[in-house]
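Data block below; observations after.
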Amino acid sequence: MLADNMIRLNLNESAYPPLPAVAEVLHEQVLSAHRYPEFTPHGSRRVIAHHLGVSDDMVTVGAGATGVIFQALQAALDHHGGVVPELVTATPTFDGFPILAQLLRMDFRGVPLDRFGGVDLDALRTSVTAATVAVIVCSPHNPTGTVVDERELHAFLTSLPDHVTVILDQAYIEFSTAAPDLHRLVALHPRLVVVRTFSKAHGLAALRVGYGVGDERLMSGIRRFEIPFAVSAPAQAAVPVALAATTALAHRVEAMRAARDRLSAQLHAIGASTIAGEGNFVYLPGADGVALGSLLGTCGVAVKTVPGHGVRITVGDTFSNARVLAALRATAATA
Ligand code: PMP
């Protein structure tokens with residue numbers, strides 16, 4: 001647990017509370033908290049499918065991207081051939097992936113990012129073995145914010161053997177200006193599930209709701225692992241309102257991108273190097289990054305340190321970003 005007075009820039013949370021329209025439906029939900037939500041979230045599934053312009057059968061909804069990835073990994077286990085199944089992904093990455101692998105008794109194989117902090121698709125491909133049931137590609141990547149090139153992604157997906165399910169984790173996709181065409185991806189690759197969440201750009205991390213999109217057959221297999229009542233009623237009430245608020249969301253995303261680029265430029269100005277990422281965070285690679293991360297910790301700013309690799313700073317509100325800079329400037333001045 002973090003001390004109450006720490007500034008939380010370690011979990012890539014939104015700098016903003018829920019949009020007013022979403023907050024309003026959440027308030028309305030309080031008085032029916034004695035009621036169960038839908039058994040499995042068909043209503044949210046319909047709304048999300050409609051929003052994306054795909055059929056309901058191509059969607060699953062779960063308890064955050066984490067819950068949906070857990071479902072997808074469970075379904076992927078159908079394809080293991082008697083050996084210990086393996087999950088392959090680029091590392092460092094989201095801490096949840098090795099945890100989910102362990103829960104499912106899968107081996108976790110991390111393939112190092114390239115020297116620019118990018119996912120090395122060639123290295124991922126050559127790491128796939130007969131035991132590999134799933135590969136996760138995270139784009140924008142956590143913690144570096146790099147994105148995979150759309151054409152290279154298609155070539156990668158085409159090159160994989162049929163027994164491998166690919167999870168394209170797009171938790172940060174709303175912040176990216178380089179989003180691949182979702183319809184083309186799922187139409188061309190029947191073993192691909194694209195996973196998104198309401199936790200990041202929509203600022204609803206506490207509600208625990210995310211979704212996966214893919215080929216109908218793959219998704220019917222993944223929906224078998226939807227846990228009854230796992231998506232709460234407040235979460236289900238928030239989904240349509242959050243999706244309808246496209247203009248308000250776009251303003252927030254635009255403001256966040258501008259704040260990210262400003263923070264990055266200010267960090268450069270004091271001599272720190274950053275990776276130009278597409279998430280709601282800035283990554284400072286190398287030992288200097290790690291050192292700056294521990295410094296921020298001592299100044300009351302919690303950030304995500306990746307030992308031996310760098311530090312990730314979530315872009316916060318104006319106050320938090322100013323605090324980051326003040327702490328770093330003060331130390332630069334005394335160094
Ligand atoms: N995937 C990635 C890449 C993430 O960074 C995170 C959260 N840090 C998640 C998934 C988890 O998202 P959710 O809150 O939707 O479970």
Side-chain angles (χ1 to χ4, degrees), residues 2 8-16 18 22 41 44 48 59-74 87-101 103 108 110-111 113 117-119 124 134-148 166-176 179 193-213 222 225-227 230-232 234-236 238-239 242-243 256 260 275 277-283 302-306 309-316:
L2 284 184
R8 282 164 61 134
L9 300 181
N10 59 332
L11 290 170
N12 289 347
E13 292 162 333
S14 171
Y16 302 97
V22 176
S44 301
I48 291 165
V59 176
T60 185
V61 181
T66 308
V68 175
I69 293 167
F70 195 48
Q71 287 174 231
L73 292 177
Q74 279 171 293
L87 168 63
V88 173
T89 194
T91 50
T93 190
F94 173 45
D95 290 337
F97 300 151
I99 294 172
L100 296 181
L103 289 173
F108 178 83
V111 178
L113 294 172
V119 172
L124 276 188
V135 174
I136 301 179
V137 176
C138 186
S139 181
H141 188 74
N142 174 4
T144 52
T146 56
V147 293
V148 293
V166 181
I167 297 164
L168 177 62
D169 182 329
Q170 291 191 332
Y172 301 98
I173 198 63
E174 293 87 349
F175 300 117
S176 174
V193 51
V194 179
V195 177
R196 294 183 180 171
T197 180
F198 288 88
S199 295
K200 305 298 181 183
H202 287 282
L204 299 174
L207 294 185
R208 314 303 309 131
V209 56
Y211 58 92
V213 190
I222 292 177
F225 296 96
E226 285 181 351
I227 296 174
V231 181
S232 70
Q236 294 190 45
V239 162
L243 288 178
M256 202 292 315
R260 175 192 65 202
I275 290 182
E278 301 248 343
N280 63 335
F281 49 87
V282 174
Y283 194 69
V303 290
K304 170 73 179 174
T305 300
V306 184
H309 199 274
V311 72
R312 187 194 71 199
I313 307 175
T314 304
V315 177

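Counting starts at 1 for both ligands and their atoms, in listed order.
A side-chain N or O of E226 and one of T60 form a donor-acceptor pair less than 3.5 Å apart.
With contacts defined as side-chain heavy-atom distances shorter than 4.5 Å, the pair R208/S199 qualifies. Two residues are said to be in side-chain contact when any heavy atoms from C-beta on lie closer than 4.5 Å; N142 and R312 meet this criterion. The shortest distance between side-chain heavy atoms of R196 and I173 falls below 4.5 Å. The shortest distance between side-chain heavy atoms of T314 and L11 does not fall below 4.5 Å.
Enumerated by chain and number, the residues approaching ligand 1 to less than 4.0 Å through a heavy atom are G64, A65, T66, F94, C138, N142, D169, A171, Y172, T197, S199, K200, R208.
Within the 3.5 Å criterion, the main-chain N or O of G279 finds a donor-acceptor partner in the side chain of R260.
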